[in-house]
Amino acid sequence: IKENNGPTGSYTAISQVDRLQSEPESIRKWREEQKERLEQLDANSRKQEAEWKEKAIKELEEWYARQDEKLQKTKASNRVADEAFYKQPFADVIGYVAAEEAFVNDAEDIFPGTEWERVAQLCDFNPKSSKQAKDVSRMRSVLISLKQAPLVR
């Protein structure tokens, strides 16, 4: 930080005073009004930012409450479904869903060269089936090409 006790500091101060005194009244008045306008805009933007933060905090709390409520409902329905499943006779033996059961039944008919056809049965090759899923078009094309022309060992 420079101190204003040297000759250059005093000359700078004098030049600033001279500039302010030589400045026309209209420019000085405009400069003061501009400063007030900018201060008003800054105050308004700080106020708006505080309101946005409060609103964001409130929305985030509501989102967490909805997520927690959804999670509790899902847990409750899963518990009910599990209890219903395990009350069935032979539930410990069944233990898997119908699609897996069908896949296991088809596993008995394993022939060399049909592996990719069996893999293709498990895949959903409809690209429009799920909008939110990741793009798996490359993997889909690889599986289809392997199904059509399997690798030769």
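Predicted model only: the values in this text are computed from it and were never measured.
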Criterion salt bridge (charged side-chain N to carboxylate O under 4.0 Å, His left out) on Glu32 and Arg28, from CA distance to verdict
CA-CA 6 Å; Glu32 289 173 1; Arg28 188 184 58 76; 2.7 Å; yes
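Between atom CD of residue Gln148 and atom CG of residue Leu143 there is a gap of 11.5 Å, rounded to the nearest 0.5 Å. With rounding to the nearest 0.5 Å, the separation of CZ in Arg31 from CD in Glu36 is 14.0 Å. Atom CD of Gln67 is separated from atom CG of Leu60 by 10.5 Å, given to the nearest 0.5 angstrom. The CG atom of Asn78 lies 10.0 Å from the NZ atom of Lys75; values are rounded to the nearest 0.5 Å. Atom CD of Glu54 sits about 7.5 Å away from atom CD1 of Ile57, to the nearest 0.5 Å.
Looking at Glu62 and Lys58, no side-chain N of the basic residue comes within less than 4.0 Å of a carboxylate O on the acidic one, giving no salt bridge. For the pair Glu69 and Lys73, the salt-bridge criterion is met [side-chain N within less than 4.0 Å of a carboxylate O].
Side-chain contact check for Asn44 versus Gln48: every heavy-atom pair is 4.5 Å or farther apart. Side chains of Trp63 and Glu59 form no contact here, defined as non-hydrogen atoms less than 4.5 Å apart. Annotation: side chain of Glu51 is not in contact with side chain of Lys55 (no heavy-atom distance under 4.5 Å).
Within a 6.0 Å radius of CD in Gln40, no more than 12 heavy atoms belonging to other residues, nucleotides or ligands are found. In this structure, Arg79 places its CZ atom where only 12 or fewer heavy-atom neighbours from other residues, nucleotides or ligands lie under 6.0 Å away.
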